[in-house]
Protein chains: 2
Amino acid sequence: MSNNQLYRGSLTTIIMRLLEQKGRMYGYEITQKVKELTGGTMDIKEGALYPSLHKLQSAGHLKVEAEKVENRVRKYYSLTPQGEKEAVNMMQELKDYMENMQAIINPKLSF
Amino acid sequence: MSNNQLYRGSLTTIIMRLLEQKGRMYGYEITQKVKELTGGTMDIKEGALYPSLHKLQSAGHLKVEAEKVENRVRKYYSLTPQGEKEAVNMMQELKDYMENMQAIINPKLSF
DNA sequence: ATTGTTACATAAGATTCTTATGTATATTTA
DNA sequence: TAAATATACATAAGAATCTTATGTAACAAT
């Protein structure tokens, strides 16, 4: 993902958010989109991505449809109704995380 | 730390930043300060804190001084010169992380 | 006398990631 | 045309970070 431990734990949030916005994406497309959006600094590894997608799927947050495009198989993922709720949840948790980190890093009148 | 995987990987950054600001803190004090700064939502577990402090110390980022206060031992940690540089580094990496997450979550003209 | 707080520590297990490896097709480049 | 790169999936072994559980020890409060 990056040679930085901070990214640890944020992959599922990223996947859920991209699918919330785009509706339907396949795995490889997600890696490319993230690379594009972060100017090349974030590089999602396949060894992290695919197990993560499978876990979200078996948790009932994603559904998958396999399609053959240009003689290659693609697995398109999208949010289930339950996944839509979970995506909203995860976005709130990311917001809370960011605010908490800001509160620690730039405390208001605490030091 | 929190029932949220996003916090995974941010403990060392938090420790380094608090020591950068306060100069000198002991383990238990760090847990209380973080609780205070985040309104009780972040709760650093001892099983995460102490191994993390030991690792930062053996990496040369922290130095430790044991003191007996009210008949109880405290281990005060502070940044080494090398640790000061590493703290600046970590703050930049946190900033980059936050910006990258923002770019994914709220993309500018990409969807 | 028991519970809660302060203060340290470590071990076992869970989770998430990296690295390595594998399969397969298509395109580009040397 | 052979080799390298890109596209597209997958899994296994090991690393890193965390939680849970447990332990020691002194002090305060109920």
Side-chain angles (χ1 to χ4, degrees), chain A residues 1-16 24-36 40-59 61-62 64-77 90 93-94 97 100, chain B residues 1-16 24-36 40-59 61-62 64-77 90 93-94 97 100:
Chain A
M1 185 103 90
S2 154
N3 60 339
N4 181 340
Q5 298 287 3
L6 288 170
Y7 292 87
R8 194 169 276 271
S10 46
L11 180 55
T12 60
T13 302
I14 291 169
I15 292 170
M16 296 294 279
R24 199 173 124 92
M25 296 179 87
Y26 57 99
Y28 186 77
E29 186 185 9
I30 291 174
T31 67
Q32 299 309 300
K33 192 69 187 171
V34 167
K35 224 178 261 179
E36 178 199 327
T41 58
M42 277 185 72
D43 174 37
I44 297 177
K45 303 299 193 305
E46 295 152 299
L49 176 70
Y50 293 114
S52 192
L53 286 169
H54 301 161
K55 194 181 174 189
L56 287 169
Q57 190 196 344
S58 66
H61 299 320
L62 302 185
V64 63
E65 289 154 334
E67 273 180 41
K68 207 160 194 175
V69 180
E70 284 158 28
N71 210 30
R72 267 199 231 92
V73 174
R74 283 182 187 169
K75 293 200 173 170
Y76 279 94
Y77 290 90
M90 285 184 177
E93 284 181 347
L94 178 60
Y97 167 75
N100 281 330
Chain B
M1 185 106 86
S2 155
N3 61 339
N4 179 340
Q5 298 287 3
L6 287 170
Y7 292 87
R8 197 170 273 272
S10 45
L11 179 55
T12 59
T13 302
I14 291 169
I15 292 171
M16 295 294 279
R24 198 174 126 92
M25 295 180 89
Y26 58 99
Y28 186 76
E29 186 185 8
I30 291 175
T31 67
Q32 299 309 301
K33 191 70 188 171
V34 166
K35 225 178 260 179
E36 179 200 326
T41 59
M42 276 185 73
D43 174 38
I44 297 177
K45 303 299 193 304
E46 295 151 299
L49 176 70
Y50 294 113
S52 192
L53 286 170
H54 301 160
K55 194 180 173 189
L56 286 168
Q57 189 196 343
S58 67
H61 298 321
L62 302 186
V64 63
E65 288 154 335
E67 273 180 41
K68 207 159 194 176
V69 180
E70 286 158 27
N71 211 29
R72 265 199 233 90
V73 175
R74 283 182 188 169
K75 294 200 174 172
Y76 280 94
Y77 290 90
M90 285 183 176
E93 283 182 347
L94 178 60
Y97 168 75
N100 281 330

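Lettering follows sequence order; numbering is per chain, from 1.
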Next item on the list: Give one of base, sugar-phosphate or nothing for B:S10, where a contact means two heavy atoms less than 4.0 Å apart.
Entry: sugar-phosphate
Margin query: Tell me if the side-chain of A:R8 makes a donor-acceptor pair with the base of C:dT16, cut-off 3.5 Å, by modelled atom types.
Written below: yes
Side chain of [X] - closest among [options]:
{"X": "B:N71", "options": "D:dC9, C:dC8, D:dC27", "answer": "D:dC27"}
{"X": "A:A48", "options": "D:dC18, C:dC17, C:dC8", "answer": "C:dC17"}
{"X": "A:K75", "options": "C:dC17, D:dA10, C:dC8", "answer": "D:dA10"}
{"X": "B:H54", "options": "C:dT10, C:dC8, C:dT19", "answer": "C:dT10"}
{"X": "A:Y50", "options": "D:dC9, D:dA16, C:dA7", "answer": "D:dC9"}
{"X": "A:Y28", "options": "C:dC8, D:dC9, D:dA16", "answer": "D:dC9"}

Notebook entry, point to check: A:N3 or B:L53: which one's nearest nucleotide on DNA chain C is closer to the 5' end?
Noted result: B:L53
Next item on the list: Could you check A:S52 against B:E29 and say which one's nearest nucleotide on DNA chain C is further toward the 5' end?
Entry: B:E29
Note to self: Output the rounded distance in Å from CG (A:D43) to P (D:dT7).
What the structure shows: 13 Å
Next item on the list: Send over the distance from A:L49 CG to C:dT16 P, rounded to a whole Å.
Entry: 14 Å
Is the shortest heavy-atom distance from the side chain of [X] to the side chain of [Y] under 4.5 Å?
{"X": "A:L62", "Y": "A:M16", "result": "yes"}
{"X": "B:M42", "Y": "B:I14", "result": "yes"}
{"X": "B:E36", "Y": "B:K33", "result": "yes"}

Presence of [X] side-chain N/O under 4.0 Å of [N] phosphate oxygens OP1/OP2:
{"X": "A:K55", "N": "C:dT15", "value": "no"}
{"X": "B:Q5", "N": "C:dT16", "value": "yes"}
{"X": "A:Y26", "N": "D:dA8", "value": "yes"}
{"X": "A:K68", "N": "C:dT25", "value": "no"}

Check: For B:I15 and B:S52, which heavy atoms make the closest approach, and how far apart are they?
Finding: CD1-OG, 3.7 Å
Item checked: Residue pair A:V34 / A:I44: nearest heavy atoms and the distance that separates them -> CG2-CD1, 3.7 Å
Give me, pair by pair, the N or O atoms of the protein and of nucleotides 20-24 of chain C that are less than 3.5 Å apart, along with how far apart they are.
none

Checklist line | CD/B:E70: more than 12 non-hydrogen atoms of other groups inside 6.0 Å | finding: no
